[in-house]
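Okay, so here's the structure we're looking at.
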Amino acid sequence: MSIPGPAAPESASVPDELPAQYDPAATEAAIYSAWETAGCFTADASRSSLAGGDRDPYVVLMPPPNVTAILHVGHGLNNAVQDVLVRWARMRGLEALWMPGTDHAGIATQNVVEKQLAAEGLSRSDLGREAFVERTAAFVERTGGVILQQLRAIGASADWSRTAYTFSPELSVAVREAFVRLYERGLIYRGHRVIHWCPRCLTSLSDEEAESRDTAGSMYHIAYRTEDDPSRTITVATTRPETLLGDVAVAVNPTDERYADLIGRNVVLPILGLAIPVIADEYADPEFGTGVVKITPAHDANDFEVGRRHGLAAPVVIDQHGAMAEVMDSAGRVPKEYRGLDRADARTRIVAALEAMGQLVRREPHQHGVRHCYRCETVVEPRLSDQWFVRMESLAAPALEGVRTGRVRILPEKWVGVYEHWMTNIRDWNISRQLWWGHRVPVWYCAACDPPNNVIASREDLERCPHCGGPVRQDEDVLDTWFSSWLWPMSTMGWPNAASADLRAFYPSDVLVTAPEILFFWVARMIMAGYAFMDDAPFHTVYLHGTARDTQGRKMSKSLGNGIDPLDVVSLYGADALRYTLIAGMGMGADVFLDPADLDRSFATGRNFATKLWNIGRFLLRNVGAGEVQAISAVDPAQLGRADQWILQRLDIAIRECDRAIGPVKPIGRAWSAEEQTAGLRLNEYAETARRFVWNEMADWYLEAIKSRLLTPGADQEVARAVLVHVFDNALRLLHPIVPFVTEALWQRLPSHVEGAFLAQASWPEVRDGAAAQDAVSAFEQLMQIIEAARRVRAEYAVAPGTKIRAFVVSDATSRAVLEPDAPLVARMARTELTFVERAPEGASSAVILPGGLQLIVPLEGLVDVDKECARVRTELAALDRQLAALRARLATEGFITRAKPEVVEAEREKEREWSGRQEQLARKVAQLCG
RNA sequence: GGGCGAAUAGCUCAGCUGGUUAGAGCGCCUGUCUUACACACAGGAUGUCGGGGGUUCGAAUCCCUCUUCGCCCACCA
């Protein structure tokens, strides 16, 4: 027995000691450490079929959380899904590797450390670059990766021996290699252009990091006077009047007749009094605003392009902090009273000034998208600067092709269109950041050499120039954190070392599980990197799951304070309850709604289920005992009872349905077929099927049905024990990926358990060969219906629970021979004594018509008044009349017979026979009762 | 502005290629501590499947349209 703790029995002879409620706290931690100690989660490269082994690999890459992150319910959801898949694959006999790790998270981590410094009254410049980086590294070393520890608490079966970090020495090698290779291929270049700049983080951002937010602003209409005729004015429309100080022209559309006469003349820039030209450019849309655009090349990406086309200057009038200043080529452009003013204040002042001068024609409310920093929400400032870019077009082509041909599938499918749209309209990626925390751009500059020798991209640190031997200095910038993340599927495996065992055994990986938010940041780029560096996609499936939201539909977040701490849930109800609730509640790509104010209710589904499983286990252990149990294969099929046959068939059905819900494992050496494209990964269906089997079928029916057999010594007891253990063993296997702890705890206590074996490593259930005896199964189903009917009658007439009732079953001799031996089962499960008769007895009674020509008649004397029963039967008959009429109409339609599938027609005919038989019986009953 | 998706029980959602009397969980109602489980058991109620039109023998399912929500993208100053 590998499970210590108070709940573990000393010996299997006293299994009754299990508490009535599952106590996760007493078991989970011990089970997890037993798994880890036994190396259950450690993948072995030599066993991979790609490396000469006999198992197909199954690899899931954990989206590396930020190294400073703390587990929230989003991580819980993401990792629960991955763990289900990995545990399932492991049980399927694949060499399963779940690669864990963290991301150094450039801006995010730097912000955290800078905040700490600020609390000490320091800034990063007070420390200097080297000390700051050291301090950040030490901080990460000390407190980073907490989240990985927390993931163990929710049962994550990652291979911790391989834990990676995007800023580790090994991954740094990969980053440099990727940079230099792309540089050598001409796909990385230095560009001078307007990029997104965060004035708070003091760094440039990629297009994806500058998130557009719909914002209520104003549109200002400003009149400019022409230089040569002060009476002739031209009105420009702008949302950013403060950038006026950097204007070098106003543009009109060349086809716009309103302004044709002005093209080539000058207008006077208000406030500064500078003369600037009116230029003609297609960029100006005659339909929008006044049709006149002010051109500020240094502070707007489009204006920059216009400026370039017309050879205009690009004066920079806003500094890196977002304050007005004469930064570059802008001498005399920022009046003293504006210098140092924040852009927002400057806007107010300039608008006021324009108004005072009578040049503000109009100001109207205007909704428009404003870009914000994805890390700190600051309004991003377009800024002219030199940055490193990756040319994306050629990288995107194979990544687009990979999805189109089915090498990679994206689920749910609705994201495919989004992916394709982004890929086909891809823009170059700004990868340089003006930060200190991150991979330094591996480029050195030589002051002595001439271009292109003065810029050297290098895999090794350079001390001196390889061309002239003179001194060099390294680029000050670091790389976008995503420039290391996009290599994750390769770098974690040892790339660029082609001889790496992991790279050979485990690339490409299988399913990537993540949130749609990072489809472009990460997923699309990983696919591009895969094709660019490994010539193959990094995975065959992208599974984009939903978001955790509160009851008002708001995304759970720390700042809103509406989050749920998964560890709270774990300590209250256990990891299994958390996992089951999340998995069962999450349709493909659908959001999960939870109430942070009512954890009890939110997680009732999972908690109740874990307890139910536990109690099924308790019952089994108590009643089966510790004695030897026959293997199911050793049981003579002729010995199997009806209930046994029935539950074994239900098990097979459950296995098939679970397999279908999880779907095909992977396509080997080919693309996904059209049918496979969207098949599987319906984990909620899988969870529901497994739950239904173990709870509604095994516990509610089978267990109840065999209670007496279990208690009566003899051969039949042995059969019942064997079947029960077999069925529950398989149920635990089916459920293990979702609720690993409670299933492991129970599985190890089964009498069939072999010392030292783990459910985590056990095999996935398979459908048994040989069909079940259908007669026996049907007979059991008929008994179930009799029991349900009798219970319904009892409930309807409020028969006291202790009271036994009598009932007649009207049946032919054949049915009677089949069913009568099981009358005691009905007596026990429905407290109803059955008497089999060939004809309905005289007198008023409640009748329930059952399929197969059976009728259950319960004498109502002493139970209820006849009037009430009469009314009930009449209602039932009326409903049946209606349904039967509709059914007959359908059957009478010629088109139905000729066009419907034969099996559908046959099913409908069968139904018609059954219903009309029942109608007849009901009519007779009405006559008897009411007439 | 462009693109995509969704609308089914009080709530969150299944319902896969059109064909049983549209389902589950949670919640609700009634009864029960039936010796595994009250975090349970047994029984029950609730749906013009968003509105309208169409295709079809047959539509929650396919098509059109309207309404309402959501998401992604976008330089319209």
Side-chain angles (χ1 to χ4, degrees), chain A residues 16 18 20-22 212 219 236-240 243 251 283-285 287-290 292-296 300-303 305 366 368-369 382 412 414-419 421-422 425 516 519-520 551 553 573 577 581 584-587 589-594 600-602 604-605 607-623 660 675 678-679 682 684-685 688 691-692 699-700 703-704 788 791-792 794-796 798 800-802 828-831 879-880 882-883 886-887 889-901 903-905 907-908 910-911 915:
Chain A
D16 219 350
L18 299 183
Q21 271 180 29
Y22 173 57
S212 180
M219 179 71 83
V236 303
T238 181
T239 55
R240 302 201 54 199
T243 62
Y283 169 63
D285 177 358
E287 303 295 310
F288 188 85
T290 58
V292 187
V293 199
K294 58 193 263 320
I295 301 300
T296 323
D300 183 283
N302 296 298
D303 291 8
E305 291 306 318
H366 182 67
H368 61 138
K414 63 173 174 179
W415 292 105
V416 173
V418 176
Y419 173 88
H421 181 261
W422 188 78
N425 296 286
L519 181 59
F520 306 139
T551 43
Y573 318 116
T581 304
M586 184 173 53
D591 293 342
V592 180
F593 290 81
L594 299 164
D600 215 45
R601 189 181 156 178
S602 294
T605 318
R607 181 204 56 186
N608 295 358
F609 181 61
T611 305
K612 182 68 185 184
L613 260 188
W614 181 254
N615 277 296
I616 294 169
R618 277 179 68 204
F619 171 84
L620 182 145
L621 295 176
R622 175 187 295 181
N623 289 285
R660 204 169 101 94
E675 310 85 72
T678 57
R682 291 173 224 255
N684 58 326
E685 283 180 29
E688 167 56 20
R691 185 205 66 81
R692 185 202 68 210
D700 290 349
L703 232 44
E704 294 300 330
E788 282 177 332
R791 282 173 176 168
R792 230 175 294 133
R794 292 182 60 102
E796 198 149 347
R828 196 157 47 76
M829 291 184 71
R831 295 182 177 250
L880 185 63
R882 247 179 291 121
Q883 285 156 5
L887 177 62
R890 201 183 314 158
L891 273 166
T893 323
E894 195 192 338
F896 176 72
I897 305 296
T898 51
R899 297 190 205 172
K901 285 186 229 152
E903 60 265 32
V904 172
V905 176
E908 297 288 90
E910 170 63 31
K911 191 162 61 178
W915 287 9

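All values below were derived from every heavy atom in this structure, side-chain atoms included, with hydrogens, water molecules and symmetry-related copies excluded.
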With a 4.0 Å cutoff (strictly under), does any side-chain N or O of [X] reach OP1 or OP2 of [N]?
X: Lys911(A); N: U21(B); result: yes
X: Arg890(A); N: G19(B); result: no
X: Asn608(A); N: A40(B); result: yes
X: His366(A); N: A77(B); result: yes
X: Lys612(A); N: C41(B); result: yes
X: Arg792(A); N: G43(B); result: no

What's the [atom1]-[atom2] distance between [X] and [N], to the nearest Å?
X: Ile295(A); N: A77(B); atom1: CD1; atom2: P; result: 13 Å
X: Lys901(A); N: U56(B); atom1: NZ; atom2: C1'; result: 15 Å
X: Leu519(A); N: C71(B); atom1: CG; atom2: P; result: 16 Å
X: Trp415(A); N: A6(B); atom1: CH2; atom2: P; result: 13 Å
X: Asp300(A); N: C75(B); atom1: CG; atom2: P; result: 10 Å
X: Asn684(A); N: G15(B); atom1: CG; atom2: P; result: 8 Å
X: Arg601(A); N: G10(B); atom1: CZ; atom2: P; result: 14 Å
X: Tyr22(A); N: A40(B); atom1: OH; atom2: C1'; result: 19 Å

With respect to the side chain of [X], which nucleotide from [options] is positioned closest?
X: Phe619(A); options: G27(B), U34(B), A36(B); value: A36(B)
X: Lys414(A); options: C4(B), G25(B), C71(B); value: C4(B)
X: Ala795(A); options: G43(B), G5(B), G19(B); value: G43(B)
X: Gln883(A); options: G19(B), U21(B), C73(B); value: U21(B)
X: Asn615(A); options: U34(B), A77(B), C37(B); value: C37(B)
X: Trp915(A); options: G25(B), U21(B), C72(B); value: U21(B)
X: Arg899(A); options: A42(B), A24(B), U56(B); value: U56(B)
X: His368(A); options: C16(B), A77(B), A36(B); value: A77(B)
X: Thr611(A); options: A24(B), C39(B), C16(B); value: C39(B)

Under 3.5 Å for both donor-acceptor distances, Watson-Crick or wobble: does [N] have a partner, and if so which one?
N: G25(B); value: C11(B)
N: A6(B); value: U68(B)
N: G31(B); value: C41(B)
N: C49(B); value: none
N: U17(B); value: none
N: C76(B); value: none

Next on the checklist: As a quick check of understanding, evaluate salt bridge (Lys or Arg N to Asp or Glu O under 4.0 Å) for Asp600(A) and Arg607(A), giving each step before the final call.
Outcome noted: CA-CA 9 Å; Asp600(A) 215 45; Arg607(A) 181 204 56 186; 3.4 Å; yes
Checklist entry - Any side-chain donor paired with an acceptor under 3.5 Å for Asn615(A) and Tyr22(A)? => result no
What does [X] touch in the nucleic acid at a heavy-atom separation under 4.0 angstrom: a base, only the sugar-phosphate, or nothing?
X: Phe520(A); answer: sugar-phosphate
X: Ala301(A); answer: nothing
X: Ala907(A); answer: nothing
X: Ala699(A); answer: base
X: Ala610(A); answer: nothing
X: Phe288(A); answer: base
X: Val292(A); answer: base

[N] versus [M] - spacing of their [atom1] atoms, nearest Å:
N: G23(B); M: U30(B); atom1: C1'; answer: 23 Å
N: C57(B); M: C71(B); atom1: C1'; answer: 40 Å
N: G53(B); M: G58(B); atom1: P; answer: 16 Å
N: A77(B); M: G3(B); atom1: C1'; answer: 23 Å
N: A38(B); M: A45(B); atom1: P; answer: 27 Å
N: C66(B); M: U12(B); atom1: C1'; answer: 27 Å
N: C69(B); M: C64(B); atom1: P; answer: 22 Å
N: C4(B); M: G10(B); atom1: C1'; answer: 31 Å

Checklist entry - Can you tell if the side chain of Asp700(A) reaches within under 4.5 Å of the side chain of Glu704(A), non-hydrogen atoms only? => result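 No, side chains not in contact.
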Next on the checklist: Could you tell me if the side chain of Thr239(A) sits less than 4.5 Å from the side chain of His368(A), heavy atoms only?
Outcome noted: yes
Next on the checklist: Looking at Leu594(A), is its backbone amide N or carbonyl O close enough to the side chain of Arg601(A) to form a donor-acceptor pair, meaning the two atoms are under 3.5 Å apart?
Outcome noted: no
Checklist entry - Taking the side chain from Arg831(A) and the backbone from Arg791(A), do they hold a donor-acceptor pair closer than 3.5 Å? => result no
Base of [N], side chain of [X] - is there a donor-acceptor contact under 3.5 Å?
X: Arg791(A); N: C41(B); answer: no
X: Thr893(A); N: C57(B); answer: no
X: Glu704(A); N: A36(B); answer: yes
X: Arg607(A); N: C39(B); answer: yes

Checklist entry - Roughly how far, to the nearest 0.5 Å, is CZ of Arg691(A) from CZ of Phe609(A)? => result 7.5 Å
Item to check | Ion pair Asp300(A)/Arg240(A), N-O distance below 4.0 Å | outcome: no
Checklist entry - Between Val418(A) and Tyr283(A), which is nearer to the 5' end of RNA chain B once each is assigned its nearest nucleotide? => result Val418(A)
Checklist entry - If you find the nucleotide of RNA chain B closest to Gly417(A) and the one closest to Arg660(A), which residue's nucleotide is nearer the 5' end? => result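 Comparing both residues, the 5'-ward one is Gly417(A).
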Checklist entry - Is Lys911(A) positioned over the aromatic face of Trp915(A), cation under 6.0 angstrom from the ring centre and no more than 45 degrees off axis? => result yes
Item to check | Matching residue for Phe619(A) among Leu621(A), Ile616(A), Asn623(A) - test: side chain to side chain contact (heavy atoms under 4.5 Å, CB included) | outcome: Asn623(A)
